[in-house]
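Inspection log for the structure reproduced underneath, given as structure tokens.
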Amino acid sequence: DFVLPGSALCTIPRCCGGTVTTFCWVHDMVMSTVRGTGASVTTYGWAAGTSMAAPAVSGVAALIKQRFPGILVGDLKAKLTQTADDEGDNSTDAYYGRGFVNARRAVTE
């Protein structure tokens with residue numbers, strides 16, 4: 001669990017036209033399976049942070065290793081960053097880091 005910081009508002013485009021304005025931290029969250037309670041073994045909920053990013057990046061790294069079995073660790077890291085979808089400022093920035101991993105690009109480029 002984490003404390004959701006700040007009350008700054010961000011406006012982003014919707015996929016189907018128009019925009020949505022809400023607290024900036026909301027845009028960091030992803031829908032994920034979470035451990036349920038009682039009769040529910042698993043359910044879905046919103047999550048954010050490195051605990052959500054690490055499994056996604058690890059999964060893409062595994063796909064890269066499968067596609068390129070002899071890849072060296074440094075080359076694997078480079079492929080992850082070079083094929084990520086850059087968001088925010090060009091290159092690395094404080095909010096998006098190096099961007100979002102892109103599994104398709106990572107195994108096809």
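Computed from a prediction, not measured in an experiment: that's the story for all the values here.
- There is no path of hydrophobic side-chain contacts, each under 4.5 Å, that joins Phe100 to Leu76.
- Counting heavy-atom neighbours within 6.0 Å of Phe23 CZ, excluding the residue itself, gives a total of 12 or less.
- Here the closest non-hydrogen pair linking Ala103 and Leu63 is CB-CD1, 4.0 Å.
- To the nearest 0.5 angstrom, Thr21 atom OG1 is 7.0 Å from Leu9 atom CG.
- More than 12 heavy atoms of other residues, nucleotides or ligands shown are found within 6.0 angstrom of CZ on Arg105.
- Residues Ile71 and Lys65 share a closest heavy-atom pair of CG2-CD, 3.6 Å.
- Considering every non-hydrogen atom in both Val60 and Ala106, the closest pair reads CG1-CB, 3.8 Å.
- Of all non-hydrogen atoms in Ala84 and Gly99, the two that sit nearest each other are CB-C, 4.4 Å.
- Residue pairs meeting the side-chain hydrogen bond (donor to acceptor under 3.5 Å, both in side chains) criterion with at least one partner in residues 73-83, sequence neighbours excluded, do not occur; the list is empty.
- Taking 4.5 Å as the limit, every side-chain heavy atom of Val107 sits out of range of all side-chain heavy atoms of Gln66.
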